[in-house]
Amino acid sequence: MKLKFIRPMYLLIAAMLMTFTLGGTPLTPVNAATTTQKASWLWDTSLIKQSGSTVLTFYKNQGVNVIYLQINRKLNVSYYKNFIRQATAQGIEVHALDGNSTWALTSQRTQLTTVLKWIENYQATAATNEKFKGIHFDIEPYLLPDWSTNQKSIVSQWQSNVLYMVQRANEIKLPIAADLPFWLHTIKVPDGTATLSSWMLKQYNSVTLMSYRDTSDGIFNVAKVILQEGVDLGKKVFTGVETNNTSEGDIISFYEEGANYMNQELNNLVTLTSSYTSFAGVAVHDYLGWKTLVESSVN
């Protein structure tokens, strides 16, 4: 944001108002019209039962304002209500998270129906400050054994299920988002008229890229094509980073480098993405890996 003909003191005040904390480091929003967010996946839902306050304290300290919370339908809804109520009081949104690679198949649509119905029923009984603020799916059909041999059919089924999910989310009156691989733009939809990533962007309210690299340049380089698609389509894109130990190579996770280095690189990333109005913020995978990373950096 450019401010003209304003005295230095007002510039300083404006700068302070336009920042939020990313792991203790001020992070300037991309522009005046939109503030970047910081999200994280919480897969172990059992933690909200006995350690909900601990989880929220950690996330608050790290500047998180969006939590993707795994749905465990065996857990009593009272635990969700209590956790979300506490999160809401701290300015943190909670989005319902679930997913499975097989859910891209139309034969498994009943699984989607069950999850979405659970969310709908939950929303109907929750108080305003206990409600989910969004739906987030993690469906990765490229992990299916026949992806390489039956890709066109699987993509077509995936599209059909996405349309169904979006329709149901609209009925539930919640925004819907999904995790996507950064390379999805290399695949065309079956009729060849668009990239699969741009098609997904058109359907979802936002997407989170699994742009897992351990430098700001690396993250930006793998994310920039879909960031540009987001600009063209007026959609928001989160860039995801990994903190867990992985066997996929040293360039994937910040596990080796530590939390302080990751925070520096994520702040650098904001500068690199500053010309992309689609940039929504960063998403850190996941709570347990991140907490371990922070604790090991302190010790």
Side-chain angles (χ1 to χ4, degrees), residues 37-105 108-140 161-179 203-208 238 240 280-281 283-291:
Q37 294 182 301
K38 195 173 185 183
S40 182
W41 290 263
L42 177 55
W43 289 105
D44 187 354
T45 319
S46 67
L47 291 172
I48 73 171
K49 186 175 180 180
Q50 296 179 332
S51 307
S53 296
T54 300
V55 170
L56 290 173
T57 297
F58 173 82
Y59 274 147
K60 191 68 176 178
N61 289 340
Q62 300 305 316
V64 167
N65 46 29
V66 180
I67 298 173
Y68 309 144
L69 175 63
Q70 164 79 54
I71 296 303
N72 179 351
R73 298 192 301 278
K74 295 180 181 179
L75 199 64
N76 191 286
V77 295
S78 63
Y79 294 114
Y80 291 95
K81 291 180 178 180
N82 182 54
F83 181 77
I84 296 175
R85 186 167 59 248
Q86 292 182 63
T88 300
Q90 297 187 49
I92 300 174
E93 293 186 1
V94 180
H95 295 201
L97 166 68
D98 214 343
N100 190 292
S101 58
T102 63
W103 292 3
L105 306 177
Q108 298 299 309
R109 187 171 293 181
T110 54
Q111 300 294 324
L112 292 169
T113 300
T114 299
V115 171
L116 290 162
K117 187 62 178 176
W118 185 94
I119 296 171
E120 184 175 40
N121 290 340
Y122 174 87
Q123 294 291 95
T125 63
T128 301
N129 63 346
E130 299 168 343
K131 293 180 184 291
F132 289 106
K133 294 298 189 292
I135 300 171
H136 196 96
F137 276 105
D138 183 84
I139 300 173
E140 304 180 46
N161 278 0
V162 167
L163 292 174
Y164 169 73
M165 291 186 292
V166 170
Q167 177 189 338
R168 287 292 288 120
N170 288 335
E171 292 169 356
I172 300 170
K173 295 181 173 55
L174 282 176
I176 183 169
D179 299 328
Q203 315 313 318
Y204 288 114
N205 296 99
S206 67
V207 301
T208 300
F238 286 85
V284 182
H285 189 269
D286 60 354
Y287 169 74
L288 290 175
W290 192 4
K291 188 170 183 288

Salt bridge (Lys or Arg N to Asp or Glu O under 4.0 Å) partners for K49, two or more places apart: none
Nearest heavy atoms of T45 and Q70, plus distance in Å: OG1-O, 2.7 Å
Heavy-atom donor-acceptor pair, S51 side chain to I48 backbone, under 3.5 Å: no
Separation between CG of L56 and CG of N61, rounded to the nearest 0.5 Å: 11.0 Å
Ring pair (Phe, Tyr, Trp, His ring centres under 6.0 Å) partners for W103, two or more places apart: none
Heavy-atom check, side chain of I135 versus side chain of L116, under 4.5 Å: yes
Summary of ring pair (Phe, Tyr, Trp, His ring centres under 6.0 Å) pairs that have at least one residue in residues 59-92, sequence neighbours excluded: W41-Y68, Y59-Y287, Y68-H136, Y80-W118
Exercise: identify the closest heavy-atom pair between V162 and Q203: CG1-CB, 3.9 Å
With sequence neighbours excluded, residues passing side-chain hydrogen bond (donor to acceptor under 3.5 Å, both in side chains) with D44: S46
Residue list, side chain to side chain contact (heavy atoms under 4.5 Å, CB included) with A178, at least two apart or on another chain: Y204
From CG (D138) to OG1 (T208), nearest 0.5 Å: 9.5 Å
Nearest non-hydrogen partners of K133 and L174, listed with the distance: C-CD2, 3.8 Å
For K131, all residues meeting salt bridge (Lys or Arg N to Asp or Glu O under 4.0 Å), sequence neighbours excluded: none
Salt bridge (charged side-chain N to carboxylate O under 4.0 Å, His left out) contacts touching residues 67-92 (sequence neighbours left out): R85-E130
Side chain to side chain, L47 and L288, heavy atoms closer than 4.5 Å: yes
Set of side-chain hydrogen bond (donor to acceptor under 3.5 Å, both in side chains) partners for S78, sequence neighbours left out: N76
Test salt bridge (Lys or Arg N to Asp or Glu O under 4.0 Å) applied to E140 - qualifying residues, sequence neighbours left out: none
Gap separating the CG atom of N161 from the OG1 atom of T113, nearest 0.5 angstrom: 8.5 Å
Non-hydrogen side-chain atoms of M165 and I176 separated by less than 4.5 Å: yes
For T57, all residues meeting side-chain hydrogen bond (donor to acceptor under 3.5 Å, both in side chains), sequence neighbours excluded: none
Compile the donor-acceptor pairs under 3.5 Å between side chains in residues 86-97 and protein atoms, sequence neighbours left out, one pair per line.
from	atom 1	to	atom 2	distance (Å)
Q86	OE1	S53	OG	3.1
T88	OG1	I84	O	2.8
T88	OG1	N129	O	3.0
E93	OE1	H95	NE2	2.9

Summary of salt bridge (charged side-chain N to carboxylate O under 4.0 Å, His left out) pairs that have at least one residue in residues 114-126, sequence neighbours excluded: K117-E120, E120-R168
Over all atoms of both residues, closest heavy-atom pair of I139 and A104: CG2-N, 3.6 Å
N170 side, atom CG; Q167 side, atom CD - distance, nearest 0.5 Å: 8.0 Å
Nearest-0.5 Å distance, CG of residue N65 to OG of residue S40: 11.0 Å
